[in-house]
Enquirer: 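Here it is: the structure, laid out below.
We count ligands from 1, going down the list as the structure has it; atoms in each ligand are counted the same way. Just so we're clear, the structure is a prediction, and the values are computed from it rather than from any experiment.
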Amino acid sequence: MSQKIHHYSNGEVTIVWQPELCKHSKLCWKGLNTVFNPGKRPWINANAAATNAIIEQVKKCPSGALSYFMNEEGASHNSIS
Ligand code: SF4
C-alpha cells in the first residue's frame, strides 16, 4: 500500500487527508474556504475555523478523502507518522 495520508491538526481535532481518494467535488473549498483552500500550501489550515465547523465540513466530503479524529481519542487509526 502506497497511499499517502496527511494530517492537519489544530490541537483539538486532526483532519486526515487522503489525496488519492479525492474526487475534486470542491464541496470542502466552497463550504469552508478558510480551512480548505487549494490556492495555498499547505492547502488545509486546521487553525482557520472552529473545530465544530471543521468536523461538519469534513463529514460532507463525498469521497472519504477527508476524515478526522479527535486528538484526545488518540491517533489509533490512520497512524502513519
Ligand atoms: S470535499 Fe472531499 S472529494 Fe470534494 S474536493 Fe474536498 S476532499 Fe475532495
Enquirer: Is there a path of hydrophobic side-chain contacts, each under 4.5 Å between heavy atoms of I/L/V/M/F/W/Y residues, joining I5 to L21?
Expert: no
Enquirer: Any donor and acceptor pair, going by atom type alone, linking the side chain of Q57 with main-chain N or O of L27 inside 3.5 Å?
Expert: yes
Enquirer: Could you check Y8, W43, F36 and say which one makes a ring-ring contact (aromatic ring centres under 6.0 Å, His included) with W17?
Expert: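 Going through Y8, W43, F36 one by one, the ring-ring contact (aromatic ring centres under 6.0 Å, His included) with W17 is satisfied by W43 alone.
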Enquirer: Enumerate the protein N/O/S atoms at a distance below 2.8 Å from atom 8 (Fe) of ligand 1, ignoring waters.
Expert: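 C22 SG, with waters left out.
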Enquirer: If the cut-off is 4.0 Å to any non-hydrogen atom of W17, which atoms of ligand 1 fall inside it?
Expert: 7 (S)
Enquirer: Just wondering, do L32 and V58 contact through their side chains at under 4.5 Å, heavy atoms?
Expert: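 No - every pair of side-chain heavy atoms lies 4.5 Å or more apart.
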Enquirer: Provide the full list of side chain to side chain donor-acceptor pair (under 3.5 Å) pairs with a residue in residues 25-38, sequence neighbours left out, each pair given once.
Expert: none
Enquirer: I want to check something: taking the side chain as every heavy atom from C-beta on, are K60 and C28 in contact at a cut-off of under 4.5 Å?
Expert: no
